Amino acid sequence: MKFFVDTAEIDAIKELHALGMVDGVTTNPSLIAKSGRDILEVTREICDIVDGPVSAEVVALDADTMLAEGRKLAKIADNIAVKVPLTWAGLQTCKALSDEGTMVNVTLCFSANQALLAAKAGATFISPFIGRLDDINIDGLELIEDIRTIYDNYGFDTQILAASIRNANHMSECAKIGADVATAPPGVIKAMANHVLTDKGLAGFMADVEKAGIKIL
Ligand code: E4P
């Protein structure tokens with residue numbers, strides 16, 4: 001499973017990238033607003049760091065303006081994936097951009113039917129939002145499973161990009177189901193390293209290091 005990092009914070013991207021943990025980046029208007037940066041400028045900077053797909057989201061609601069925005073975003077770098085919402089206008093924009101050879105990430109997906117439409121419209125990535133479904137008591141991981149089954153049934157090339165990931169457990173569950181990509185905030189990726197027994201075991205080893213005066217350097 002590929003790891004995308006869900007942030008527009010340059011330092012966080014650089015830190016994870018140095019460890020080989022970043023196969024791509026996703027942003028959205030809320031993350032751009034949080035960064036306090038200009039969308040074109042910060043997206044260009046991210047593309048200079050990361051070779052893999054960098055999702056940059058359109059902000060218009062009608063297809064014509066979305067397409068113009070998408071074309072402008074796509075000019076930033078070769079690894080831009082234009083992110084469009086899963087609306088009818090978003091699907092029209094997805095089809096037009098993918099026909100032009102631009103990668104498209106269709107976002108705000110909350111149902112298997114929406115994912116089916118995105119695949120038919122030529123999406124490179126579909127972004128089902130796990131956490132926001134869990135927030136309303138619907139099993140987000142079940143949606144990932146359903147989309148996996150449907151895409152495999154018909155051989156769709158669209159990659160499942162599990163999004164709205166809120167905890168480390170979501171990451172391993174997505175990997176078990178067979179999501180192609182998971183995008184998560186830097187804190188969730190780092191939290192995957194944590195285990196209470198690792199902490200306990202290390203504390204025991206350190207106590208013995210102290211007791212025996214073990215030194216290496
Ligand atoms: C990524 O593409 C999504 O925009 C993001 O994962 C949404 O996460 P949230 O539901 O925690 O805001």
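Indexing begins at 1, ligand by ligand and atom by atom, following the structure's order. Every value quoted in this text rests on a predicted model; they were computed, and no experiment measured them. The first residue in the sequence is number 1, and the count goes up from there.
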> Below the 3.5 angstrom mark, is there an N/O of Ser164, backbone or side chain, next to an N/O of ligand 1?
yes
> Show the atoms of ligand 1 that are less than 4.0 angstrom away from any heavy atom in Arg166.
9 (P), 10 (O), 11 (O)
> Report the nearest protein non-hydrogen atom to atom 7 (C) of ligand 1: residue, atom name, distance rounded to 0.1 Å.
Phe129 CE2, 3.6 Å
> When only distance counts, is Asn105 in polar contact with ligand 1, meaning an N/O pair under 3.5 Å?
no
> If you measure every N/O of Asp6 against every N/O of ligand 1, is any gap under 3.5 Å?
yes
> Give the residue, atom name and distance (to 0.1 Å) of the protein heavy atom nearest atom 4 (O) of ligand 1.
Asn28 ND2, 2.7 Å
> Please determine if Thr107 has a nitrogen or oxygen closer than 3.5 Å to a nitrogen or oxygen of ligand 1.
no
> Quick test: of every protein heavy atom, which one is nearest to atom 12 (O) of ligand 1, and how far off is it to 0.1 Å?
Arg132 NH2, 2.8 Å
> So which of Thr43, Val42, Asp38 actually passes side-chain contact (heavy atoms from CB on, under 4.5 Å) with Leu40?
Asp38
> Examine Thr27 against ligand 1 and note whether any of their N/O atoms are separated by less than 3.5 Å.
no
> Need the ligand 1 atom indices (1-based, order shown) with element for anything under 4.0 Å from a heavy-atom of Lys83.
1 (C), 2 (O), 3 (C), 4 (O)
> Quick one: pull up CG in Leu161 and CE in Met1 and give me the separation to the nearest 0.5 Å.
10.0 Å
